[in-house]
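Notes follow once the structure below has been shown.
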2 protein chains.
Amino acid sequence: MVEHEDRLSRVFSALADPTRRDMVARLAAGDATVSELAAPYDVSLQAVSKHLKVLEDAGLVSRSRDAQRRPVHLDAEVFDLMTKWIERYRQQAEERYQRLDALLDRLQGRDNDESKDKGAAG
Amino acid sequence: MVEHEDRLSRVFSALADPTRRDMVARLAAGDATVSELAAPYDVSLQAVSKHLKVLEDAGLVSRSRDAQRRPVHLDAEVFDLMTKWIERYRQQAEERYQRLDALLDRLQGRDNDESKDKGAAG
DNA sequence: CCGCTACTCAACCAAACGGTTGACAACGCC
DNA sequence: GGCGTTGTCAACCGTTTGGTTGAGTAGCGG
């Protein structure tokens with residue numbers, strides 16, 4: 001897998017880690033510096049810095065500069081990319097399910113003579 | 001990380017792979033067997049089988065039995081889990097953004113005397 | 001300018017991931 | 001009952017990931 005081929009993969013991959021998800025959750029409440037973000041976790045600052053790089057590469061956060069500090073900001077737009085992907089296939093799956101449901105209804109309506117007797121088959 | 005600690009991590013992680021996302025996309029159109037799913041990809045059947053295990057462990061698909069075949073079915077409910085997580089923090093981030101926006105508006109309204117003259121500072 | 005604070009870069013390591021091949025289990029069919 | 005089909009399990013392998021430590025950079029404050 002040479003590298004992550006597309007944005008969507010990077011986003012999903014970034015959010016697959018509970019620490020990173022927690023960071024995103026906290027950043028939703030407001031920007032924070034690297035040390036502030038690192039505080040609650042029992043890992044080195046370098047590890048947190050790496051996590052932030054992953055989030056940044058995924059386009060989920062951006063970092064600016066304030067003296068020595070690097071305030072981290074959540075870019076919520078990328079969420080749309082995921083939501084769209086998810087919704088698309090969920091809807092498709094649901095529609096299919098409903099069509100199947102409707103079909104079963106019709107079959108039952110048409111052949112309810114048989115279904116009454118042998119409906120438990122399969 | 002020993003193992004994936006929670007469901008959400010497994011789901012995001014499962015969808016971080018483009019092949020698995022493609023499988024989900026195709027399964028949204030209808031159930032399929034392992035070989036059917038494997039056909040378009042240039043990997044072994046075993047690799048596809050592994051991918052399906054990942055999707056199954058994440059609760060994204062379920063597998064039944066039909067003779068030698070193992071039809072794979074998409075379980076779209078898990079999508080809700082993701083959507084809820086995403087929407088929660090996106091909304092939070094957006095609300096924060098709007099509050100900030102409103103605050104800036106108010107500040108501008110109050111001090112527009114100064115901002116007219118020295119607004120280009122920085 | 002020196003030192004402290006805040007953070008990043010580089011090298012390294014163990015574990016997990018995605019792929020392979022080989023063996024084998026489950027089932028329908030002749 | 002043996003054979004082909006369909007799929008899984010196991011062992012192995014190279015790359016990626018998430019963590020570590022050590023060194024270095026950037027900027028403020030005395």
Side-chain angles (χ1 to χ4, degrees), chain A residues 1-24 26-27 30-58 60-73 122, chain B residues 1-24 26-27 30-58 60-73 122:
Chain A
M1 306 281 94
V2 278
E3 221 176 86
H4 271 305
E5 37 223 273
D6 55 350
R7 170 93 90 159
L8 209 44
S9 293
R10 281 196 295 270
V11 177
F12 278 121
S13 185
L15 294 177
D17 185 283
T19 301
R20 284 194 295 259
R21 269 203 317 284
D22 193 60
M23 286 176 170
V24 168
R26 290 169 54 213
L27 285 168
D31 297 3
T33 67
V34 180
S35 337
E36 279 165 4
L37 280 171
Y41 314 120
D42 193 23
V43 296
S44 66
L45 196 68
Q46 289 94 322
V48 172
S49 191
K50 276 195 189 181
H51 279 309
L52 286 171
K53 186 157 192 348
V54 174
L55 289 172
E56 191 175 30
D57 287 348
L60 279 160
V61 308
S62 51
R63 288 183 278 183
S64 47
R65 189 163 256 293
D66 166 29
Q68 317 91 307
R69 261 144 273 135
R70 307 293 314 269
V72 182
H73 174 79
Chain B
M1 305 291 89
V2 276
E3 218 175 86
H4 271 305
E5 37 224 273
D6 56 350
R7 170 93 92 162
L8 210 44
S9 293
R10 281 195 295 266
V11 177
F12 278 121
S13 185
L15 294 177
D17 185 283
T19 302
R20 285 195 293 260
R21 269 204 317 284
D22 192 59
M23 287 177 170
V24 167
R26 291 168 55 214
L27 284 168
D31 297 3
T33 67
V34 180
S35 338
E36 281 166 3
L37 281 170
Y41 314 119
D42 193 22
V43 297
S44 65
L45 196 68
Q46 289 94 321
V48 172
S49 191
K50 276 195 189 181
H51 279 309
L52 286 171
K53 186 153 190 358
V54 173
L55 290 172
E56 190 175 29
D57 287 349
L60 279 160
V61 307
S62 52
R63 288 183 277 182
S64 47
R65 189 161 255 295
D66 166 30
Q68 318 88 309
R69 260 143 272 134
R70 308 292 314 269
V72 182
H73 174 79

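Each chain gets a letter, A, B and so on, in the order its sequence line appears, and its residues count up from 1.
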**Asked** Is the side chain of B:Arg70 donor-acceptor paired with the backbone N or O of B:Ser64 at a distance under 3.5 Å, no angle test?
**Response** yes
Could you check how far [atom1] of [X] sits from [atom2] of [N], rounded to whole Å?
X: A:Leu15; N: D:dT17; atom1: CG; atom2: P; answer: 15 Å
X: B:Met23; N: C:dG18; atom1: CE; atom2: P; answer: 11 Å
X: B:Arg21; N: C:dG18; atom1: CZ; atom2: P; answer: 12 Å
X: B:Asp57; N: C:dG18; atom1: CG; atom2: P; answer: 12 Å

**Message:** For a 4.5 angstrom cut-off between non-hydrogen side-chain atoms, does A:Val54 reach A:Leu60?
**Reply:** no
**Request:** May I ask you to test the A:Leu27-A:His73 pair for a side-chain heavy-atom distance under 4.5 Å?
**Result:** no
**Prompt:** Side-chain donor-acceptor pair under 3.5 Å between A:Ser9 and B:Arg21, yes or no?
**Reply:** yes
**Request:** Using the closest heavy atom to pick a nucleotide of DNA chain D for each, name whichever of A:Arg20 or B:Arg70 lands nearer the 5' end.
**Result:** B:Arg70
**Message:** Looking at A:Arg10 and A:Asp6, is there a salt bridge between them, counting it only when a charged N and a carboxylate O are closer than 4.0 Å?
**Reply:** no
**Message:** Suppose we screen for side-chain contact (heavy atoms from CB on, under 4.5 Å). Which residues come up paired with B:Asp66, at least two apart in sequence or across chains?
**Reply:** B:Arg69, B:Pro71
**Atom pair CZ (B:Arg26) and CE (B:Met23), whose distance is rounded to the nearest 0.5 Å** = 7.0 Å
**Asked** How does protein contact run along nucleotides 24-30 of chain C, one letter per nucleotide 5' to 3', with B for base contact, S for sugar-phosphate only, - for none, heavy atoms under 4.0 Å?
**Response** --BBS--
**Message:** Assess the residue pair A:Leu52 and A:Arg63 against the criterion (side chain to side chain contact (heavy atoms under 4.5 Å, CB included)); give the C-alpha distance rounded to whole Å, side-chain angles, the decisive distance to 0.1 Å, and a yes or no.
**Reply:** CA-CA 9 Å; A:Leu52 286 171; A:Arg63 288 183 278 183; 3.9 Å; yes
**Message:** Heavy atoms within less than 4.0 Å of DNA chain C: which residues of residues 45-55 of chain B have one? Give them sorted by number.
**Reply:** B:Gln46, B:Ala47, B:Lys50, B:His51
**Prompt:** Can you check whether A:Ser44 has a side-chain N or O nearer than 4.0 Å to OP1 or OP2 of D:dT20?
**Reply:** yes
